[in-house]
Amino acid sequence: MADSSKKMQIVFASAECAPFVKTGGLGDVAGSLPAALVRAGAEVIVMVPKYATIKDEYKAQMEHFSDFYVSLGWRNEYCGLEKLEHDGVTYMFIDNERYFARDYPYGFFDDGERFAFFSKAITESLQHLPEGFECDILHCNDWQTALAPVFLREFYQGLPLYERVKTVFSIHNVAFQGQFSDTVMEDILGVAHIPAAATQLRCDACSINYMLGALHYADAITTVSPTYAGEIQTPEFGEGLDGVLRERSYALQGILNGIDVAGFDPATDKRIAANYTVDDRSGKAVCKAKLQEELGLEVRDDRPLMVMVTRLTRQKGMDLVMYALDRILAGGVQVAVLGTGDRDYEDGLRYFQDKYPGTMAARIEFDPALSQRMYAAADMFLMPSKFEPCGLSQIIAMRYGTLPIVRETGGLKDTVQPYNEFTGEGTGFSFSNFNGDEMGDAVFRAARLFWDNREAWNQLVTQAMSQDFSWTRSADKYLDLYFFMHPEIERPAAVEAAEAVEEPVAAEAEPAAPVKEPAAAKESKAEEKPAAEAEVKPAAKPAAKKTTARKTTAKKATTTKAAASKTTAAKATTTRKRTTAAAKKAAEAEAAHEVKDEAAEAKPVAKAPAKTPSKKTTAPKTATAKKATTTKSTTTKATTTKATAKMIPKVAAKPAVKVEEAGAEPKAEAAIEAKPAAKTTARKRATTTAKKTTTKAAAPKAEAKVEEKPAVKAEPTPKTAEVKAAPKAKAKTESAKEAPVSPAAPAEEKAPTKKTSVRKATTARKRR
């Protein structure tokens, strides 16, 4: 049974977390997702190493919460928990100066030991959390925390506190896996004597892989975009882990990252030269001029400014940039690059800065404030990654009205819609292959739009800035996963979600009300047949869908049987027509009366089409009726039929709104169309009589209108036909009623109707 009093309690572990420490996208995710989860009603504690690089202003706010020792192989290492509340989220910093008091988070010879300690400290810390906080979900991120699910399962699983803990492991970049010598397995991890752990951590004869351990041990695996979730299951992108990812594909899903829309808001950002909004972008021009001046570029608003804020690595597409940069700069596009990385790329960018002064600027440094000014000032943002799990830079760029130029891979493909010059759709530009010429072509497609069609460019900027990349949607999908793993905890937003689903459905049903309808059509809503109800009810009452579906299926079967019965009865009646001379005379005598009746009935039909709930018919019958009318040369009937036919297409043009009218007018038309056949057959008089009986039983309101037909009389001669034709008429009525539900019914009726009409015309010629 679900526990409505307990909240979902999550420990979110990450090696970096903005604003305390950030080297890439992982820091942004860890800084934003927990806050979104808290807003959604969960309780979250974020665990991060206490690096020496964390600003003193944050260190001053930390309070010592607890300390204990963590066993790591033969060692016992000190671990302190420093607590900090920031923007509604609780942060616990893992304190151990021997491991974390360094100038940079990663890149040291003992990273294997440092982050094995971090993973073990996370697992041990679950026993030292604030009172009332019992961890339900341990959410680990990337290789630095990948051993936590392994330690939890092998060393802590039997303890009561850990029995309820479910583990989620998120892959932010499968290329960084944490591979180390297998000597650490006993010396540091202490799992060499555990065959299951030793086997599932080993990636080759002399190495172990931290991420591989998490993929085997975690209860659920996520990655940061749907496209990337598919890509990493292939040898091309799986980096050697595609096999285990395919094996555990049932536990793997891609959830697209978001961004902190409050922190990245051009309307309020204090780090940029001038604020602006999607409606008033004059401030963006100010930002561009200021940045051009700051970076030593020519201050010109007629030249597109393209920027990159990135790690200078091959994965980020720097090979393509080095190949195409000469062509791009010579073509009149200004370029500014901010970042650090491989020495070859750093030197290459300095070379182009010297070759194209005033057009190229290279800042080989890490400067978050400058990166923000570049996002706001640029016209285009280049991100030609070889692979990109999600990528946040292109999302931030769109938020600031800077159009991204990306390669179609991973999250870049999921977030950037390429510009379509014919429809105007899109939020940026893209290219498919990892090719420098294709990248250059994409850059110049963007540049030409900037130069040649500024109106289309501005519309594209508006579309990019209007995208919703908040963390709310992503957090909701993570909560779906968490609550799936803990069904005993009641989700607090469940009731609100149900209401949110029902409200749009009701809103869809409402537009039918304000539509202007004839008064008679409004009255007839209550009297509509089940076919009409089946079309309207599911929108207003989703709970009744199953019953309606069963009714519809039954009706379809009845329609098919009725159509078959009608064909058989028509053939039998046609034979009787040829042999009954008395019936022919009676038909001719009544033909004149029928013409007058139809002319008299035409006006009421036009005024109140929904009030005659007789047979429903469809457009194909109109053509049949016209043929019969032409054979008899009756001008009045032709006029009436044409008038009715004109009314039908108007209704058919708006089927989604006027549900009742579409069903009502064919009913009225059936009253006219049933009569041309009665001129030549005694069977039709019987049908009319049967129709009276059926109509009286089905719709009492229309009884007076049916009884106004004085010309139809029951004569002795066609009694036999009357008795046999009645079931046919009933079947025909039922078949016609279902016409809106079963579109196959009119097609089945069409062929026998044409055949009967030809026979009627031949009989008429013989009488002449």
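Index from 1, following the sequence. Values below: every heavy atom of this structure, side chains too, minus hydrogens, waters and symmetry copies. Since this is a predicted model, take the numbers as computed values, not measurements.
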Participant: Is it true that S430 and E408 share a donor-acceptor pair across their side chains at a distance under 3.5 Å?
Facilitator: yes
Participant: Tell me whether the count of non-hydrogen atoms from other residues, nucleotides or ligands lying under 6.0 Å of CG in D204 goes above 12.
Facilitator: yes
Participant: Return each pair, listed once, that meets ring-ring contact (aromatic ring centres under 6.0 Å, His included) where at least one residue sits in residues 183-227; pairs must be two or more places apart or across chains.
Facilitator: F180-Y210
Participant: Using a distance-only test with no angle check, is there a side-chain donor-acceptor pair under 3.5 angstrom linking W471 and D260?
Facilitator: no
Participant: Parallel, tilted or perpendicular: which describes the rings of F100 and F117, with under 30° parallel and over 60° perpendicular?
Facilitator: tilted
Participant: Does a donor on one side chain sit under 3.5 Å from an acceptor on the other, for N141 and S14?
Facilitator: no
Participant: Examine the side chains of T234 and D242 and answer whether a donor and an acceptor come within less than 3.5 Å of each other.
Facilitator: no
Participant: Could you list all the ring-ring contact (aromatic ring centres under 6.0 Å, His included) pairs where at least one residue sits in residues 9-31, not counting sequence neighbours?
Facilitator: F12-H139, F20-Y58, F20-H86, F20-Y91, F20-F93
Participant: Just checking, any donor-acceptor pair under 3.5 angstrom between side chains of T427 and Q417?
Facilitator: no
Participant: Do D476 and R491 sit within salt-bridge range, that is, some charged N less than 4.0 Å from a carboxylate O?
Facilitator: yes
Participant: Would you call K413-E231 a salt bridge at under 4.0 Å N-O?
Facilitator: no
Participant: If you round to the nearest 0.5 Å, how far is CD1 of I255 from OG1 of T222?
Facilitator: 5.5 Å
Participant: Run the numbers on D219 and R248 for salt bridge (Lys or Arg N to Asp or Glu O under 4.0 Å), then give the verdict.
Facilitator: CA-CA 10 Å; D219 295 308; R248 299 216 63 202; over 6 Å; no
Participant: Quick test of your reading of the model: are E97 and K50 salt-bridged, counting only N-O distances below 4.0 Å?
Facilitator: no
Participant: If you count every heavy atom of other residues, nucleotides or ligands that lies below 6.0 Å from K477 atom NZ, does the total exceed 12?
Facilitator: no
Participant: Return the CG to CE distance between D142 and M211, rounded to the nearest 0.5 Å.
Facilitator: 5.0 Å
Participant: Once you round to the nearest 0.5 Å, how far does CD of Q315 lie from CZ of F176?
Facilitator: 6.0 Å
Participant: For K270, is there an ion pair with D265 - N to carboxylate O distance below 4.0 angstrom?
Facilitator: no
Participant: When you check the gap from the basic side-chain N to the acidic O, do E77 and K120 get nearer than 4.0 Å?
Facilitator: no
Participant: Taking only Lys NZ, Arg NE, NH1 and NH2, and the carboxylate oxygens of Asp or Glu, determine whether R164 and E488 approach each other closer than 4.0 Å.
Facilitator: yes
Participant: Return yes when atom CZ of R473 has more than 12 non-hydrogen atoms of other residues, nucleotides or ligands closer than 6.0 Å, and no otherwise.
Facilitator: no
Participant: Counting only heavy atoms from other residues, nucleotides and ligands, does the tally under 6.0 Å from OH of Y69 exceed 12?
Facilitator: no
Participant: Would Y156 and F151 satisfy ring-ring contact (aromatic ring centres under 6.0 Å, His included), going step by step from the backbone distance to the final call?
Facilitator: CA-CA 7 Å; Y156 296 87; F151 289 141; 8.0 Å; no
Participant: For E388 and K316: C-alpha separation, side-chain torsions, deciding distance, then whether salt bridge (Lys or Arg N to Asp or Glu O under 4.0 Å) applies.
Facilitator: CA-CA 8 Å; E388 194 65 56; K316 293 296 183 180; 3.0 Å; yes
Participant: With a 4.0 Å cut-off on N to O distance, would you call K166 and D136 a salt bridge?
Facilitator: no
Participant: Parallel, tilted or perpendicular for Y106 and F115, by the 30°/60° rule?
Facilitator: tilted
Participant: With a 4.0 Å cut-off, would you call R102 and D110 a salt bridge?
Facilitator: yes
